[in-house]
Chemist: 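Structure provided below as C-alpha cells; questions to follow.
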Amino acid sequence: LNEDIDALTAACDDGKATILRLTDAVTTLSQEVAELENAMAEATAQRLAEKKTNKATVEDAQAAQKAVAAATAVLKDFYQKAATATGFVQQGAGAPQPREYGLKTGIKMGSDEWEALANPSYEASVSQGKEGKVDRGHKEGMQTFGEVETGKQDEAQYGVIGLLEIIASDFANVEADTNAAEAAAAEAHERFMVESKKNKAVKTRSIELNSSDKASAEAKLTTDTADLKSTQDELLAAERYYDKLVPQCIDQGMSWEERVAARKAEIESLKEALKILSGSDIA
C-alpha cells in the first residue's frame, strides 16, 4: 500500500504541474491572439486611411495636370495668334537691341502712323480739318510689320510655357510616385494580413489542443486523487487492525526467569490438582 500511495502521490503532483503549465500556455497564447487581432485591426484602419489619402493625392495631381494642360493650350493659342499682331519697329544697322516685351518703341501712340498700323486705309489730314475713320481692332490675317511678338514663350528654361511644362511634369511625377507607393503599401499590407492570419490560426489550434490536454490532465488528476484517498484509507484501516493484533501476538515484556517460574507454578498447580482428583488425601 505504501508503494501504491507513493506512486499515486507522484502522479498527482505531475498532473498538477502539467495543468499549471498548460494553463500558462493557454493564457499566453490567448494574449498573443488578442494582440494579433488588434494589430490586424490597426493595420487595416491605417491602410484604409492611407489608401484614401493616396487616392485624393492622385485625383488632385490629375486635376492639376488637366488644368496645366488647359492653361498651356490657351497660352500656345494666344502666342500663335499674337504672331500676327506686332508693331512696326525701326532698328539701326548696329548691334541688335535687347528684346523688349510688350509695345514697341519708336511709334508715338495716337499718331497717324500709330493709327495706320490698325487700318492702312486710314486717311487724316490736319490741313483738311477732317477726322479720320479708324478701325482700332486688329483682324486675323491683317498685315503686320517688324518682329513677331512671341512673349516669353521662347525662353526654354524660364519661359511661361517651359514653366508650365515643368509643373505638369512635377504633377505627373507626384501621380506616378503616389500610385507606386500605394501599390507597395497594399502589397505589404496583404503580406502582413496573410502572415498574421496564419499565426492566429496556429495559435488558436494550439489553444484548442492545450485546452484538451488540460481537461484530460484534470480528469486524470481527479481519478488519481480519488485512488490515493482510497488507498490511504485502506492503509489506515490496516494499521488500526494491526494495532489490535499486536497485544495478542507479541509478548508483553516478561523476562525468561519470570516465564520459567510461572511455568513451574503452573505445573505444581496441575500436580496438586491431580493428587486431589486421585483421592490419595481423602482417606
Side-chain angles (χ1 to χ4, degrees), residues 1-60 174-253:
L1 290 177
N2 286 326
E3 292 179 357
D4 292 340
I5 289 174
D6 292 340
L8 290 171
T9 301
C12 289
D13 292 340
D14 183 66
K16 292 177 181 178
T18 300
I19 292 171
L20 180 61
R21 176 178 57 81
L22 292 173
T23 300
D24 292 340
V26 169
T27 301
T28 301
L29 289 170
S30 298
Q31 292 176 349
E32 292 175 354
V33 168
E35 290 174 357
L36 277 174
E37 291 176 345
N38 291 334
M40 287 190 291
E42 292 178 1
T44 300
Q46 292 177 358
R47 177 83 279 276
L48 292 175
E50 185 179 18
K51 182 178 181 180
K52 182 178 179 181
T53 300
N54 289 337
K55 181 180 179 182
T57 301
V58 169
E59 290 176 350
D60 291 343
V174 169
E175 179 184 1
D177 293 343
T178 303
N179 285 330
E182 170 63 22
E187 182 180 359
H189 178 262
E190 183 64 22
R191 289 198 304 269
F192 171 77
M193 293 300 292
V194 170
E195 187 66 22
S196 297
K197 289 178 181 178
K198 183 175 69 175
N199 290 338
K200 179 183 176 181
V202 172
K203 294 180 185 298
T204 301
R205 182 56 179 167
S206 297
I207 290 174
E208 294 174 355
L209 293 175
N210 288 335
S211 298
S212 178
D213 292 343
K214 178 184 176 183
S216 298
E218 289 175 340
K220 186 176 182 301
L221 177 61
T222 300
T223 301
D224 291 341
T225 301
D227 292 343
L228 176 61
K229 185 177 183 302
S230 176
T231 304
Q232 288 173 339
D233 291 341
E234 291 179 8
L235 178 60
L236 181 60
E239 289 177 346
R240 290 176 179 175
Y241 183 71
Y242 174 78
D243 292 338
K244 291 180 180 180
L245 293 177
V246 166
Q248 302 176 17
C249 300
I250 298 178
D251 184 20
Q252 297 299 315

Chemist: Enter the distance from Leu22:CG to Thr27:OG1 here, rounded to the nearest 0.5 Å.
Modeler: 10.5 Å

Chemist: Is the shortest side-chain heavy-atom distance between Thr23 and Ile19 below 4.5 Å?
Modeler: yes

Chemist: Measure the CG-CZ distance between Asp213 and Arg21 for me, rounded to the nearest 0.5 Å.
Modeler: 8.0 Å

Chemist: How long is the span from the CD atom in Glu35 to the CD atom in Glu32, to the nearest 0.5 Å?
Modeler: 7.0 Å

Chemist: Okay, side chain of Thr57, backbone of Thr53: is any donor-acceptor separation there less than 3.5 Å?
Modeler: yes

Chemist: Apply side chain to side chain contact (heavy atoms under 4.5 Å, CB included) to residues Leu48 and Lys52 and explain how you reach the verdict.
Modeler: CA-CA 6 Å; Leu48 292 175; Lys52 182 178 179 181; over 6 Å; no

Chemist: So that I can tick it off, tell me whether Glu195 and Arg191 are bridged by a salt bridge, with the cut-off set at under 4.0 angstrom between side-chain N and carboxylate O.
Modeler: no

Chemist: Would you say the side-chain atoms of Asp14 pair up with the backbone N or O of Ala10, donor to acceptor, closer than 3.5 Å?
Modeler: no

Chemist: Quick one: pull up OG1 in Thr28 and CG in Asn210 and give me the separation to the nearest 0.5 Å.
Modeler: 10.0 Å

Chemist: For Ser196 versus Leu36, what's the shortest heavy-atom pair and its separation?
Modeler: O-CD1, 4.1 Å

Chemist: Checking Ser212 side chain against Glu208 main chain: does a donor-acceptor pair fall under 3.5 Å?
Modeler: no

Chemist: Can you confirm whether His189 sits close enough to Thr44 that some side-chain heavy atom of one is under 4.5 Å from a side-chain heavy atom of the other?
Modeler: yes

Chemist: Quick check for you: to the nearest 0.5 Å, what is the distance between Asp227 atom CG and Thr9 atom OG1?
Modeler: 11.5 Å

Chemist: Testing the basics here: between Leu221 and Lys16, what is the closest heavy-atom pair and its distance to 0.1 Å?
Modeler: CD2-CG, 3.8 Å

Chemist: Within the structure provided, determine whether Lys198 and Val194 are in side-chain contact (heavy-atom separation under 4.5 Å).
Modeler: no

Chemist: Specify the closest pair of heavy atoms between Ser211 and Val26, including all atoms of both residues, with the distance to one decimal.
Modeler: OG-CG2, 3.9 Å

Chemist: Starting at CG of Leu236, measure out to NZ of Lys229 and round the result to the nearest 0.5 Å.
Modeler: 10.0 Å

Chemist: From the options Ile207, Leu209, Val202, select the one residue that forms a side chain to side chain contact (heavy atoms under 4.5 Å, CB included) with Arg205.
Modeler: Leu209

Chemist: Looking at side-chain heavy atoms only, is the closest gap between Gln46 and Glu50 below 4.5 Å?
Modeler: no

Chemist: Please find the pair of heavy atoms, one from Thr178 and one from Val58, that lie closest to each other, and give the distance.
Modeler: CG2-CG2, 3.6 Å

Chemist: Mind checking whether Arg47 and Met193 have side chains closer than 4.5 Å, heavy atoms only?
Modeler: no

Chemist: Are Glu182 and Lys51 close enough for a salt bridge, meaning some N to O gap below 4.0 Å?
Modeler: no

